[in-house]
Engineer: 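Let me give you the structure first, and then I'll get to my questions.
Order of the sequence lines fixes the chain letters, A, B, ..., with proteins taken first and strands second; residue numbering starts at 1 for each chain.
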Amino acid sequence: MLEDPTKLLEDLTPEQGAAVSHLDGPALVLAGPGSGKTRVITRRIAWLVGNGIPAWQILALTFTNKAAGEMRERVDELVPETVAGRRGLFVSTFHAFCARQIRMHAERLGLDAGFSIYSTADQRSAMKESIASSGLESGNWTPASMLSAVSDAKNKLQTVEAYDAEASDFYTRTVARAYAGYQKILARNNAVDFDDLLLKTAALLRDHDDVRSELQERFRYVLIDEYQDTNHAQFVIADSIASAHGNLFVVGDPDQSIYGWRGADVGNILDFESQYPGTSIIALGRNFRSTGHIVGAAAGLISNNRRRKHKELHTDLGDGEQVSLLHCRDERHEAEQLAEQLRTASDEGRDYRDMAVLYRVNALSRVLEDSLRSAGIPYVIARGTAFFERKEIKDVLAYLRSLANLSDEVALGRIMNVPARGVGKKTIERLGRFAMQNGLPLFEAVTRVAEVDGLGARAVRSVGTFANSMLRWRSALENGHDGQLPGFVAQVITESGLEAMNIGGEGDEEQERIANLNELVNAAAEFQPAPEQLVTEGGGDPDSPELDDVEVPITLLDALRGFLESVALVSDQDVVDESRGAVTLMTLHAAKGLEYEVVAMVGLEEGLLPHARSQEGELELEEERRLCYVGMTRARRRLLMMTAASRAVRGVRSMTVPSSFLSEIPTEHLLESGSDPFGDANDGYTIEYDPDVVDEPGELGLASRFPAGTVVRHPQFGMGTVRSISPRGSVSAARVDFHAIGTKTLILEYARLERVVD
DNA sequence: TGGCCGTGACTTTTT
DNA sequence: GTCACGGCCA
């Protein structure tokens with residue numbers, strides 16, 4: 001193919017071709033759903049290589065490992081690695097790219113190369129500690145809210161100092177203190193969080209001319225996928241690398257911007273033109289994915305957004321099926337109907353792997369799983385991090401992380417007494433005090449446990465044994481090579497006693513835990529550093545036309561660090577695997593960039609989509625609408641949208657209102673069916689609810705169910721009479737006279753009050 | 001010290 | 001309905 005690069009353009013539309021063959025200067029590709037965005041990027045890479053640009057000068061950035069992997073694969077198909085100038089292509093996620101830069105220049109950022117990347121759970125515990133030690137004890141400051149404020153700041157590249165300088169009111173002053181304490185803890189543990197990866201890379205590029213010019217020199221061509229979801233930090237990083245040569249090629253769709261809450265700035269794509277004068281703009285409006293009714297329905301919906309660039313969408317694939325809008329009685333009914341629909345599609349000859357079920361919140365998956373399981377329909381849930389959040393896996397990872405980064409006291413604290421070895425809170429406290437008093441890292445105190453005062457003989461012996469194991473493993477890491485990684489992981493699992501601890505019983509859970517531990521060893525065996533990690537160590541000399549074919553040997557310690565990094569940066573999408581022959585269940589967010597023959601969206605109700613937490617402002621509402629749009633446009637041939645007339649949330653059942661988005665879809669594209677719980681009930685089920693509830697849909701339902709005078713029963717307080725009901729924010733407070741204990745105020749939504757019928 | 005149990009708190013989306 | 005934490009008992 002490469003002998004004649006123009007062949008790369010043959011089966012493309014003129015617009016696609018223009019994008020692919022764009023050579024120098026900034027370019028913005030506005031790519032509607034299904035318009036061949038990935039195709040354009042991969043062809044373009046091949047085109048550049050075919051036109052004499054060495055692949056190692058090309059940097060392609062994505063948001064998920066899955067997208068990066070697919071891009072690599074598809075480029076391989078177009079231009080095999082054996083072709084001259086093809087080696088060294090750098091395709092990576094933003095976060096992995098940044099992690100690598102930080103690893104290479106760790107010392108300049110005050111880090112050790114073995115730094116840990118903190119997971120959400122680690123972040124929370126660090127923030128908790130920060131809040132506690134900053135004396136912010138009054139309960140109003142939750143770690144979650146502080147972390148989100150800190151994350152916002154970091155995404156805007158505000159360091160502690162910058163944030164502090166601007167903090168003027170009580171709230172921001174408080175955040176500033178929590179932020180400062182939090183960063184101190186991260187530094188002490190030689191750790192960074194997700195946002196730091198971006199922030200520190202941006203700082204590295206800003207403050208170190210040599211690093212910046214090296215990257216600028218090497219990466220003459222920068223391509224970015226899903227540009228609408230970049231935040232300010234990512235913009236600065238990309239801009240800083242691409243500014244020297246100006247070859248910044250971005251692809252995205254403002255209508256699919258769904259990460260505003262995470263700091264993504266649609267302004268990056270909307271203002272691209274003015275940021276980069278001379279930008280070539282190419283709009284891809286033809287949809288190759290979906291049939292007419294699906295495209296029409298989605299286009300009708302998104303046209304309700306006021307803040308957008310108008311864009312025509314069209315398809316040549318014919319009208320196809322109308323979008324089915326199916327109303328169900330409740331979430332169980334919805335789940336059963338879903339299973340039935342999937343079964344029908346399968347009976348029609350469609351493969352389960354070509355079907356996906358999308359929902360707004362993860363909590364919805366449970367009832368769907370139950371139903372699919374009992375219907376015998378194979379399914380997988382796309383939750384990339386779920387595996388690594390299991391306790392037995394977290395334990396092993398804490399060992400590994402602690403070994404990779406001896407300063408990581410969060411990890412060390414987790415494992416000192418796991419499996420239980422008689423090292424309790426007191427012992428850990430004394431070790432900590434000893435470390436503090438002598439200005440030592442905690443790990444040092446552990447290895448010198450004999451010097452610590454006040455410990456019992458048993459504790460000294462246990463800690464000593466633990467310390468010896470750690471030192472032994474650590475020296476194995478330093479002396480080993482990368483091929484030993486799976487063996488090493490297995491060794492730690494066994495010798496630490498974690499294996500014995502989990503072998504305990506015979507139940508399904510125990511079996512599963514052991515299987516998971518084995519799975520982790522497999523993951524280590526499958527782990528390979530991304531190809532680009534192997535190539536450039538020193539060989540990345542921008543003047544060398546071709547990189548060495550020699551792969552630099554990697555030590556076991558480096559391999560472990562790479563493995564832990566890949567574990568820290570998995571996304572939900574990364575575990576989506578079409579080859580499993582199963583229906584994929586995932587959130588709407590995780591579905592971005594994917595496509596399926598049959599797509600079902602469930603829970604299309606007010607409060608869920610749009611989500612209650614985003615109904616305050618017009619901006620948030622528009623993002624919810626885009627989210628709905630993203631979901632709908634994942635479907636190639638059949639789109640099924642479902643509602644439940646009543647839904648139990650946190651154990652409380654209430655009537656729902658269909659999503660307002662549904663009424664924004666032009667009716668000619670819709671085929672509405674299903675039961676109307678308020679109409680006649682001869683459609684196969686009977687109404688099983690209290691008439692009081694049915695009369696009052698929505699959140700009023702619960703309050704109206706317990707008017708003053710209602711006799712109720714509470715699981716703890718026994719029988720009582722409702723005295724009054726008053727709204728309290730989004731919930732209702734009830735004052736109840738309990739016969740046994742007197743008057744109490746309860747939140748209706750949480751108290752499990754039962755109406756007692758007399 | 002460790003494990004169990006009860007209570008209370010909370011519940012969007014994620015690299 | 002789920003999880004985390006604190007208190008209590010062995």
Engineer: If you take the centroid of each ring, where Trp contributes its six-membered ring, are A:His589 and A:Tyr259 closer together than 6.0 Å?
Structural biologist: yes

Engineer: If you check every side-chain atom of A:Lys426, which of B:dG2, B:dT13, B:dT1 has the closest atom?
Structural biologist: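 The closest nucleotide is B:dT1.
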
Engineer: State which of B:dT13, C:dT2, B:dG2 makes the closest approach to the side chain of A:Thr587.
Structural biologist: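 Shortest atom-to-atom distance from the side chain points to B:dT13.
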
Engineer: Could you check whether any side-chain heavy atom of A:Leu431 comes within less than 4.5 Å of a side-chain heavy atom of A:Lys426, counting everything from C-beta outward?
Structural biologist: no

Engineer: Classify the nucleic acid contact of A:Asp572 as base, sugar-phosphate or nothing, counting any heavy atom under 4.0 Å across all strands shown.
Structural biologist: sugar-phosphate

Engineer: Should A:Asn362 be listed as having a side-chain N or O under 4.0 Å from OP1 or OP2 of B:dT12?
Structural biologist: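 For B:dT12, neither OP1 nor OP2 has a side-chain N or O of A:Asn362 closer than 4.0 Å.
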
Engineer: The side chain of A:Arg383 lies closest to which of these nucleotides: B:dT14, B:dG2, B:dT15?
Structural biologist: B:dT14

Engineer: What integer distance in Å separates A:Lys425:NZ from B:dG2:P?
Structural biologist: 12 Å

Engineer: Taking the ring centre of each residue, are A:Tyr118 and A:Phe194 less than 6.0 Å apart?
Structural biologist: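 Judged by ring-centre distance (under 6.0 Å), A:Tyr118 and A:Phe194 do not meet the cut-off.
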
Engineer: Any side-chain N or O of A:Thr64 less than 4.0 Å from the OP1 or OP2 oxygen of B:dT15?
Structural biologist: no

Engineer: Identify whether a stacking contact exists between A:Tyr259 and B:dT14, where the ring centres must be under 5.5 Å apart and the planes under 30° apart.
Structural biologist: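 So no, this residue does not stack on that base, at least one cut-off failing.
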
Engineer: Using a 4.0 Å heavy-atom cut-off across all strands, classify A:Lys128 as base, sugar-phosphate, or nothing.
Structural biologist: sugar-phosphate

Engineer: For C:dC3, does either OP1 or OP2 sit under 4.0 Å from a side-chain N or O belonging to A:Lys391?
Structural biologist: no

Engineer: Please determine, for the side chain of A:Ala420, which listed nucleotide (B:dG2, B:dT15, B:dT13) has the closest atom?
Structural biologist: B:dG2

